[in-house]
Amino acid sequence: MPLTNKYIQQRIEKAEFLKQAGINPYANNSQRNTSIEKYLNVNADIANTESQRDENRSYIVSGRIKLLRIMGKASFVKIEDESGILQIYVARDNLPEGFYNTIFKKNIEVGDIIEVGGYPFVTGKGELSLHASNLKLLTKAIAPLPEKFHGVTDKEIRYRKRYLDLIMNAEVRKTFQTRSKVISLTRRFFEDKGFLEVETPMMHPIAGGANAKPFVTHHNALSTDRYLRIAPELYLKRLIVGGFEAVFEINRNFRNEGMDATHNPEFTSIEFYWAYKTYKDLIEITKEYFAYLFEHLNLPSLLPYGELSVNFENFQEIPLIESLTTIGGVPAEVAQDAEKIYAYLKEKAINVKPNLNLGQLQGELFDEFVEEKLIDPTFITEYPVEISPLARRSDENPDITERFELFIAGREIANAFSELNDPVDQLGRFEGQMSAKDAGDDEAHEMDKDFVEALSYGMAPTAGQGIGIDRLVMLLTNEHSIRDVLLFPAMKPQNEDEQSQKEE
RNA sequence: GUCUUGUUAGCUCAGCUGGUAGAGCACGUCACUUUUAAUGAUGUGGCCGAUGGUUCGAAUCCAUCACAGGACACCA
C-alpha cells in the first residue's frame with residue numbers, strides 16, 4: 001500500500017538509475033569531518049579576508065538537502081544537519097566530468113542526504129558557504145518533503161509523523177533538546193545533593209500512590225493482573241524504610257483518564273524522598289532547584305509564558321484555607337463549613353458531587369476560585385487531611401497535613417509533603433479511602449497492607465515530593481500543549497482499512 | 001463523555017446562495033555559473049475524510065461515522 005504515490009515512483013526510478021550508474025543510493029561510507037555549526041564557527045574569519053575564500057582549507061560536511069536552486073551550470077544547495085544549515089555552491093566545472101549534468105541535476109533532489117567536500121568562501125551576498133569540489137549521495141529520500149516555506153503545520157501530521165515535524169521545524173528540535181537538558185539537570189541536581197537514583201516497578205499488583213484509574217495488563221506466568229503504575233510513591237517509601245536516606249526516580253507514570261492540553265496517558269515525573277527532613281525543607285530545595293535550572297538553561301527570571309510573565313524571584317507561600325479568601329474571594333465563614341460551601345457553590349452555579357466532606361469541598365473551592373490565579377510560583381500549604389491520604393498530620397492541627405502543592409502559571413507543578421509514617425494512622429486513612437470507594441468514589445486510594453506492614457517496621461521522618469516533568473518543560477519552553485513536549489504523544493489509531501469495512 | 005471547528009493535489013490553502021475543481025510551493029521538460037521562498041517559459045497532477053440521504057445535478061445542503069484542533073467535564 002505505501003510507496004505508490006507518483007512522486008515516490010519517480011524518485012524510486014531515480015534511485016534505480018543511480019544504481020545502474022554505479023552509485024549506491026544508500027551508501028554508508030561517510031567521510032564527514034565536521035558539523036555545520038563547527039564549520040561556520042571555524043571559518044567565520046573568511047569574511048574579513050580580501051579574497052573572501054581560502055582554498056587551502058578543506059572540509060567534508062553532510063546533511064539533508066532543504067533547498068535547491070539550479071541555475072544552469074552552477075547551483076546553490078542548502079543542507080541541514082543537527083547543528084545547523086549551510087549553503088553549498090556547486091559548479092559544473094569543479095566536479096568530475098559529467099557528474100553535474102547526469103547525476104546531480106537529474107537525480108539528486110530536496111530531501112536527499114548528501115556529503116560535500118570543498119573549501120570555505122563568502123558569496124557576493126555575504127553568506128559564508130562551502131565551495132564544492134566533490135559531492136556524494138549518502139541517502140536517497142524517495143518521499144518528497146513538505147513545502148519548503150510553510151513546512152508542516154497540520155498538528156495531526158506533526159504528532160503522528162514526528163520525524164517530519166523534526167525535519168521541517170528546527171524549533172521543535174530545540175524544544176526537545178531543552179527537555180533532555182531539564183531531565184539531565186534534574187538528575188545532576190539531585191545526585192549532587194547525595195540522592196540515589198533508583199528504579200522501582202512499573203507493573204504493580206496494587207495501583208497505589210495516587211488517586212487515579214490505572215491501566216490493567218495481565219501476567220501469564222503468574223496468571224495475575226498487573227497495573228501500570230500510577231505513581232512510584234509507595235515503593236520509594238519502602239526504600240526509606242530499608243535505610244536509604246535520599247532516593248529519587250525519574251520515570252513514566254500511567255493514568256487511564258482523559259487527555260487534554262495538560263494530560264497524556266503516560267507522563268514523566270520525578271519523585272524524591274528525603275529522610276530526616278520536612279516539607280519546609282522541600283520548599284527550600286525546590287527554590288534551589290528552580291534557580292539551578294534557570295541558571296543552566298540561561299532563562300530570564302522574569303519568564304514569559306504565553307500572555308503571562310512569571311516572576312521566578314517571587315516565590316509565595318500561603319495556606320490553602322487562607323488562599324480561598326485572600327485569592328479566591330470566598331468569605332471566611334463559608335470556607336469552614338460544608339453546608340455553607342455547598343450553598344456558595346450552588347449560588348455560583350457550580351455543580352459538585354453530593355456528600356463531600358469539608359476537606360474535599362475546600363479542595364473544590366480551591367480548584368474553582370484559586371488555582372488559575374496563581375501565576376508567580378506559589379506554595380499552597382496545609383492541605384486538609386481528607387484529601388491527603390499519604391501525608392503527615394500537622395502537630396498543631398490534626399485536620400490538616402504538612403503538605404504543599406506548587407503552582408506556577410495557574411497550573412500544578414509539584415506536590416509534596418512530610419510523609420505519614422505512623423502505620424496505625426496510615427491503616428486508618430486507607431480504611432477511610434476504602435469506605436469512600438464503597439460509597440462510589442472509584443478513584444479512592446487502594447488499600448495496600450504490604451505498605452502498612454513496611455511502615456510498621458519504622459520509617460524515619462521523611463519528606464517527599466513529586467514534580468511533573470512534562471508540565472515543567474512546557475513552562476520552560478513556553479509550550480501550551482503537553483503534546484508539544486512529548487516526542488510521540490498518544491494518538492488514536494487511524495482506521496484507513498477501507499478493506500475491513502467493505503468485507504462486512 | 002459534551003459542545004464546537006476542521007478534513008479539497010505531496011505540502012500550505014482558495015472554492016459565495018448546489019451546475020462533477022483552483023492557486024502557490026513541490027514535481028516533469030527547457031533556459032540560466034553568485035542565488036536567498038532564485039528567476040522566466042511550459043506541462044503533469046484530485047474518489048473534495050467515509051457511508052447514506054435530499055436533488056435533474058452535491059466538494060458545497062442534511063444525517064451518521066472516523067480522525068484531528070479548541071473549549072468544557074473527568075482527572076483530589
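Letters go in sequence order (proteins before strands), and every chain restarts at 1.
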Which nucleotide in B/G70, B/A68, B/A73 has an atom nearest any side-chain atom of A/K492 =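 Of all the options, the side chain of A/K492 is nearest to B/A68.
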inquiry  = Which nucleotide wins on minimum distance to the side chain of A/L67, given the candidates B/A38, B/C67, B/G70?
reply    =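 Nearest nucleotide to the side chain: B/A38.
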Using the [atom1] atom in both, what is the distance from [N] to [M], to the nearest Å?
N	M	atom1	value
B/C47	B/A37	C1'	33 Å
B/U17	B/C3	P	25 Å
B/C25	B/U42	P	13 Å
B/C16	B/U34	P	46 Å
B/G18	B/A59	C1'	10 Å
B/C48	B/G43	P	25 Å
B/A31	B/A50	C1'	46 Å
B/U54	B/G69	P	35 Å

Which part of the nucleic acid does [X] contact within heavy-atom distance under 4.0 Å: base, sugar-phosphate only, or nothing?
X	value
A/M491	sugar-phosphate
A/G151	sugar-phosphate
A/Y383	nothing
A/D154	sugar-phosphate
A/N94	nothing
A/K353	sugar-phosphate

[X] has an atom [atom1]; how far is it from atom [atom2] of [N], in whole Å?
X	N	atom1	atom2	value
A/I167	B/C11	CD1	P	14 Å
A/I350	B/C72	CD1	P	13 Å
A/L86	B/U36	CG	C1'	14 Å
A/H480	B/G69	NE2	C1'	16 Å
A/E127	B/A37	CD	P	10 Å
A/N253	B/C75	CG	C1'	14 Å
A/I157	B/C67	CD1	C1'	12 Å
A/L356	B/C74	CG	P	11 Å

query = Taking for each residue the nucleotide of RNA chain B with the nearest heavy atom, is it A/Y159 or A/H263 whose nucleotide lies nearer the 5' end?
reply =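 Here A/Y159 is the residue nearer the 5' end.
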query = If you pin A/E368 and A/R255 to their nearest nucleotides in RNA chain B, which one's is more 5'?
reply =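 So the residue in question is A/E368.
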inquiry  = Distance to the ring centre below 6.0 angstrom and angle to the axis at most 45 degrees; does that hold for A/R162 and A/F488?
reply    =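 No, A/R162 and A/F488 do not form such a contact.
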inquiry  = With a 4.0 Å limit, can you tell me whether A/R158 has a side-chain N or O closer than that to the phosphate oxygens OP1/OP2 of B/C11?
reply    =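 It does not, given that no N or O in the side chain of A/R158 lies less than 4.0 Å from OP1 or OP2 of B/C11.
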key: Any A/R160 side-chain N or O less than 4.0 Å from OP1/OP2 of B/A68   =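 So the side-chain polar atoms of A/R160 do come within 4.0 Å of the phosphate oxygens OP1 or OP2 of B/A68, strictly under.
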For [X], what residues pass the salt bridge (charged side-chain N to carboxylate O under 4.0 Å, His left out) criterion, not counting sequence neighbours?
X	value
A/E115	A/K136
A/R64	none
A/D45	A/R57

message = Can you list everything that forms a ring-ring contact (aromatic ring centres under 6.0 Å, His included) with A/H204? Sequence neighbours excluded, please.
response =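 Here the qualifying residues are A/Y235.
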ask   = Within a strict 4.5 Å, meaning less than it, do heavy atoms of the A/R471 and A/E412 side chains meet?
value =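 They are in side-chain contact.
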task = Give a yes or no on whether a donor-acceptor pair under 3.5 Å exists between the nucleobase atoms of B/U35, that is its base, and the side chain of A/Q87.
result =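 When only heavy-atom distances are counted, A/Q87 does reach the base of B/U35 through a donor-acceptor pair under 3.5 Å.
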request  = Any chance you could encode RNA chain B as dot-bracket? Rule is Watson-Crick or G-U wobble with both distances under 3.5 Å; [ ] for pairs crossing earlier ones, | for another strand.
outcome  = (((((((..((((.....[..)))).(((((.......))))).....(((((..]....))))))))))))....
task = Return the orientation label for the A/Y89 and A/F76 ring planes: parallel under 30°, perpendicular over 60°, tilted otherwise.
result =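 The rings of A/Y89 and A/F76 sit tilted, inter-plane angle from 30° to 60°.
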query = Which class fits the ring pair A/F404 and A/Y279: parallel under 30°, tilted 30 to 60°, perpendicular over 60°?
reply =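 Rings of A/F404 and A/Y279: tilted, 30 to 60°.
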ask   = Passes side chain to side chain donor-acceptor pair (under 3.5 Å), A/Y100 versus A/S75? Steps please.
value = CA-CA 10 Å; A/Y100 184 82; A/S75 299; 2.7 Å; yes
State the [atom1]-[atom2] distance between [X] and [Y], to the nearest 0.5 angstrom.
X	Y	atom1	atom2	value
A/L406	A/L374	CG	CG	9.5 Å
A/I142	A/Q10	CD1	CD	12.5 Å
A/L128	A/I46	CG	CD1	7.0 Å

ask   = Going 5' to 3' along nucleotides 22-34 of chain B, which nucleotides have protein heavy atoms under 4.0 Å from the base (write B), which only from the sugar-phosphate (write S), and which from neither (write -)?
value = --BBBSSSS-BBB
